[in-house]
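See structure below.
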Amino acid sequence: MRSRTCPQARTGRPRSAEADAAILEATREALVELGWSKLTMGDVAGRAGVAKTTLYRRWASKNELVVDAVAVLFDELELPDRGSLMADVEGVVRQFAALLERPEARTALMAVVAESTRDAPLRERIRTSIVDRQKRLVLEGRRRAQLRGELPAAPDPRTVAGTDDLIFDVIAGAVVHRALVSAEPVDADWIRRFTALLLGGLAAASRT
């Protein structure tokens, strides 16, 4: 499992990767057991075995802490080369669906999204810490498909960026809706049909 480096502390002693990992894991555990409204920084500190002041040196608020606890899970997603764009997309969708089956990921994601409807700074932190970082998967998938000759090179970088954003939104939105809203299985048949639909639309867009 890949780990990510959390933002550097503003003051004080150097960060401990082990302490950060323990705090983020404790945050996810507390969310599953307590829910967003009952989760406190003190509870997380107790579970992680650190002082509450240690948390506040690293994260200014519960919102920041929970987003980072979710973000580190999404950083586990990878895009191994499976030989074709279709296989690559199917693989990352399968990984994403498996991640959402984990109680700590499902509960944490739904909690921060629900809370963000009332908190603009939280929405921005979700965008920068989770959404923008995971767009790397789309960028890598496009680059690899172009090298294979499966997709043409686009001459206009602005068009490429807009298309990449749309692809990310479609994949993330469809999988989250299927897994968490509709509560339907993201099984092999659904993944195959979804990927075929997505790539059919992408091929049509590349011809316009």
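Values in this document were obtained by computation on a predicted structure and should not be read as measured data. Numbering of residues begins at 1 and proceeds along the displayed sequence.
Legend: residues meeting side chain to side chain contact (heavy atoms under 4.5 Å, CB included) with E33, ordered by chain and number and at least two apart, are R47. Residues that satisfy the side-chain hydrogen bond (donor to acceptor under 3.5 Å, both in side chains) test with R94, not counting sequence neighbours, are absent from this structure. By the side-chain hydrogen bond (donor to acceptor under 3.5 Å, both in side chains) test, E124 is found to be paired with R127, residues two or more places apart in sequence or in another chain being considered. Listed by chain and number, the residues in a side-chain hydrogen bond (donor to acceptor under 3.5 Å, both in side chains) with D169 amount to none (sequence neighbours excluded).
For the pair D119 and R123, the salt-bridge criterion is not met [side-chain N within less than 4.0 Å of a carboxylate O]. Between K135 and E140, no side-chain nitrogen of the basic residue sits less than 4.0 Å from a carboxylate oxygen of the acidic one, so the salt-bridge criterion is not met. Under the 4.0 Å criterion applied to side-chain N and carboxylate O atoms, R58 and D68 are not assigned as salt-bridge partners.
Contacts classified as ring-ring contact (aromatic ring centres under 6.0 Å, His included) and involving residues 81-100 (residues at least two apart or in different chains) are given here: F74-F96. Applying the salt bridge (charged side-chain N to carboxylate O under 4.0 Å, His left out) test to every pair with at least one member in residues 83-92, sequence neighbours left out, gives these pairs: D88-R144, D88-R148.
Side chain of E25 to main chain of A21: no donor-acceptor pair is present (N/O by atom type, distance under 3.5 Å, no hydrogens or angles).
Across all non-hydrogen atoms, the minimal contact from I23 to V44 is O-CG1, 3.8 Å. Shown here for K62 and W36, the closest heavy-atom pair between the two residues is NZ-O, 2.8 Å.
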